[in-house]
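Let me begin by presenting the structure, written as structure tokens, before commenting on it.
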Amino acid sequence: MASRPARTTSKPRAAPSDMLARSKIPVWIVKALLSNGIKRVSKLAAMTDDELLAIPGIGKRAVELIRSALGAFDSGRSKR
């Protein structure tokens, strides 16, 4: 009986704390981001304000809330 080949091309799994759905970002913003393919806080943090504003459903207030939540996320990570 032949054995299965080892999986060598699998993607590394994101840490649960990096998942957007587990963040402190308001649900309505998370839904807009998820519908546009953004699933991780790390990806969100790398985006500029202009890139965020280009996403349907994301306006200036949403960007402010995202940046505020990301600041709390970063300070929480640095305390570990």
Nearest non-hydrogen partners of Lys43 and Met47, listed with the distance: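 In this case the closest contact between Lys43 and Met47 is O-CG, 3.3 Å.
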Heavy-atom closest pair, residues Ser23 and Val41: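 Scanning both residues, the minimum pair turns out to be CB-CG2, 4.1 Å.
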Interatomic distance, Asp18 atom CG to Arg40 atom CZ [nearest 0.5 angstrom]: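 The distance works out to 6.5 Å.
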Test side chain to side chain donor-acceptor pair (under 3.5 Å) applied to Asp49 - qualifying residues, sequence neighbours left out: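 Here the qualifying residues are Arg67.
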Qualifying residues under salt bridge (charged side-chain N to carboxylate O under 4.0 Å, His left out), relative to Glu64, sequence neighbours excluded: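 With neighbours one apart ignored, the set is Arg61.
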Residue of the set Asn36, Val63, Ile38, Leu65 for which side chain to side chain contact (heavy atoms under 4.5 Å, CB included) holds with Ile58: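 It is Val63; the other options fail the test.
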Check: residues 25-35 side-chain donor-acceptor pairs under 3.5 Å, at least two apart:
| from | atom 1 | to | atom 2 | distance (Å) |
| --- | --- | --- | --- | --- |
| Ser35 | OG | Lys31 | O | 3.3 |
| Ser35 | OG | Ala32 | O | 2.9 |

